[in-house]
Peer 1: 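This is the structure I want to talk about, given as structure tokens.
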There are 2 protein chains.
Amino acid sequence: MRVSDKHQKIIQAAITVFARKGFFNARISDIAKEAQVADGTIYLYFNNKFDILISLFEDEIGKLILQIKQLLEKEEDPRRMLELFAIHHLQLLKNKRELAEVLQMELRQSNKFMKEYRNTKFIEYVDIISAIIRKGQAQGLFRKEVLPGVAKRAFFGALDEMSRLWVLSPEPGYTIEEAASQVSDLFLSGMLSESGRSEAAQPTALSA
Amino acid sequence: MRVSDKHQKIIQAAITVFARKGFFNARISDIAKEAQVADGTIYLYFNNKFDILISLFEDEIGKLILQIKQLLEKEEDPRRMLELFAIHHLQLLKNKRELAEVLQMELRQSNKFMKEYRNTKFIEYVDIISAIIRKGQAQGLFRKEVLPGVAKRAFFGALDEMSRLWVLSPEPGYTIEEAASQVSDLFLSGMLSESGRSEAAQPTALSA
DNA sequence: AACAGATATGAATGCTCATTCATTTTTGGC
DNA sequence: GCCAAAAATGAATGAGCATTCATATCTGTT
């Protein structure tokens, strides 16, 4: 078995175990058993437990970035690109549910307890959204007042919170495609109806 | 010292310690020291470490719900209500930063490792958003196609992801008020410019 | 088929806490 | 000020588990 095979095998096992029990409740021996490997073997490929989690992030988010970039290459319309991003992000739940669960639960707090680790891959992933927004603004399709750096986070946060629906409850009453469509529609068109939009004196400070 | 005082004192200490180290890295003795209490005393008020976290959620989210409901009572316009919710939610970062950090980091995964615990207070909190959306739809201000159950999650997720900006990086380049305004504006008006909105044949499947 | 280096094994080690409970201190009624 | 009940203390216990390392197995080269 080539070295990289065992590395991969352990990462995949870790995804399964972390998804099931969470990082802190997972034991190294759980991962070893899942990977059909001795406990000590894991330390030939990783420095420690944290290192497994970090490698997992880097490897798997890296793959996601490649996939989504490839998908977006073929598309020109920024509106459609945003929807494609949403669909692709949420489909992770179908295609790689355990990975989705781990990213959902552990990515967040990784910054907290692993002070020195800056998750550059994750930033790269979210920056795909702001790139789309800037493209839309350059084409005059999107409003100039929208701050891409803020909107990217809001859009990602909305998607990610939708993910949680499926991660935590098996049957939330919406399909993944419906949710993706709703979220990108919300961000593109907003919630206002024609009447809400055209109503004379803005009673809010929102347009500031 | 009344019983409830010590209960509160321990909860406040736990917020500080969990904010600093995260739930799993926090030691009971850390909380005890912070609360100026013996380790054993904590077990007179809580069953175990999880119980502290759960009580913390219940108590503090309960307070938030009361505050925000009181704030919204005085407001009639659903557009403004949404913005108020956003401002109030993000202001938690200013007023109770440690609590914001704990909710941000620990609330999420609580469902994961505490199987039996359903965070009903949290659900109640998020449902304030869907109530606002329904109100806006009833008044004809918001589009009927928007699903309140989906939109509430998207809106909350967007806000919460914005929170993370401040929790993780001290100086993200936006003020809390700007961010709140941007997020509610995004959800209300969307990203499309007039030209993007009026452009003839919808090239996307979003309006489905 | 013998050997060396590379890989893999898993039992043993040692540390870190959550939790307990025998003991001490505080409280308030008389 | 005395006493019993209530609260509080913190040292001791023991379970859990990441990591190590002496030993074993495998691989491929001559």
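Keep in mind that the numbers below use all heavy atoms, side chains included, and drop hydrogens, waters and symmetry copies.
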Peer 1: Within the 4.0 Å limit for protein heavy atoms, which parts of nucleotides 11-18 of chain D are touched? Write it as a string from 5' to 3', B for base, S for sugar-phosphate only, - for none.
Peer 2: ------SS
Peer 1: Should A/Lys6 be listed as having a side-chain N or O under 4.0 Å from OP1 or OP2 of C/dT7?
Peer 2: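 A/Lys6 to C/dT7 OP1/OP2: no side-chain N or O under 4.0 Å.
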Peer 1: Out of D/dA8, D/dT9, C/dT9, which has the shortest distance to the side chain of A/Ala38?
Peer 2: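 Ranking D/dA8, D/dT9, C/dT9 by closest atom to the A/Ala38 side chain puts C/dT9 first.
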Peer 1: Could you state the atom-to-atom distance from CG of B/Asp5 to C1' of D/dA8 in whole Å?
Peer 2: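 Interatomic distance, CG of B/Asp5 to C1' of D/dA8: 15 Å.
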Peer 1: Restricting to ring pair (Phe, Tyr, Trp, His ring centres under 6.0 Å), what partner residues turn up for A/Phe24, sequence neighbours left out?
Peer 2: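 For A/Phe24 the ring pair (Phe, Tyr, Trp, His ring centres under 6.0 Å) partners, ignoring immediate neighbours, are A/Phe113, B/Phe24.
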Peer 1: Separation of B/Asp51 atom CG from C/dA18 atom P, in whole Å?
Peer 2: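 Rounded to whole Å, this separation is 14 Å.
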Peer 1: CD1 of B/Ile31 versus P of C/dC17: gap in Å, rounded?
Peer 2: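 Rounded to whole Å, this separation is 12 Å.
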Peer 1: Could you state the atom-to-atom distance from NE2 of A/His7 to C1' of C/dA8 in whole Å?
Peer 2: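 Rounded to whole Å, this separation is 17 Å.
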Peer 1: List in chain and number order the residues that pass ring pair (Phe, Tyr, Trp, His ring centres under 6.0 Å) with B/Phe57, two or more places apart in sequence or in another chain; answer none if no residue qualifies.
Peer 2: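 If we apply the ring pair (Phe, Tyr, Trp, His ring centres under 6.0 Å) test to B/Phe57, skipping adjacent residues, there are no hits.
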Peer 1: For the pair made of CD in A/Gln36 and P in C/dA8, what is the distance, rounded to whole Å?
Peer 2: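 So the two atoms are 14 Å apart, to the nearest Å.
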Peer 1: Using heavy atoms to find the nearest nucleotide of DNA chain D for A/Thr41 and B/Ile42 separately, return the residue whose nucleotide is more 5′.
Peer 2: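 Here B/Ile42 is the residue nearer the 5' end.
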Peer 1: So, using side chain to side chain contact (heavy atoms under 4.5 Å, CB included) as the criterion, who are the partners of A/Asp51 when residues are at least two apart?
Peer 2: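 Testing A/Asp51 for side chain to side chain contact (heavy atoms under 4.5 Å, CB included), a comparison that skips the adjacent residues, returns A/Phe46, A/Asn47, A/Asn48, A/Ser55.
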Peer 1: I need the CZ-P distance between B/Phe46 and C/dA18, as an integer number of Å.
Peer 2: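 Atom CZ in B/Phe46 sits about 15 Å away from atom P in C/dA18.
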Peer 1: Of all residues at least two apart in sequence or in a different chain, which pass the ring pair (Phe, Tyr, Trp, His ring centres under 6.0 Å) check with A/Phe122?
Peer 2: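 Checked A/Phe122 against ring pair (Phe, Tyr, Trp, His ring centres under 6.0 Å); matches are A/Phe156.
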Peer 1: By side-chain hydrogen bond (donor to acceptor under 3.5 Å, both in side chains), which residues pair with B/Glu177, not counting sequence neighbours?
Peer 2: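 side-chain hydrogen bond (donor to acceptor under 3.5 Å, both in side chains) list for B/Glu177, sorted by chain: B/Lys94.
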Peer 1: Would you kindly give the OH-to-P distance between B/Tyr45 and C/dA18, to the nearest whole Å?
Peer 2: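 Between P of C/dA18 and OH of B/Tyr45: 20 Å.
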Peer 1: Strictly by modelled atom types, are A/Gln12 and A/Gln8 linked by a side-chain donor-acceptor pair under 3.5 Å?
Peer 2: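 Per modelled atom types, A/Gln12 and A/Gln8 side chains form a pair under 3.5 Å.
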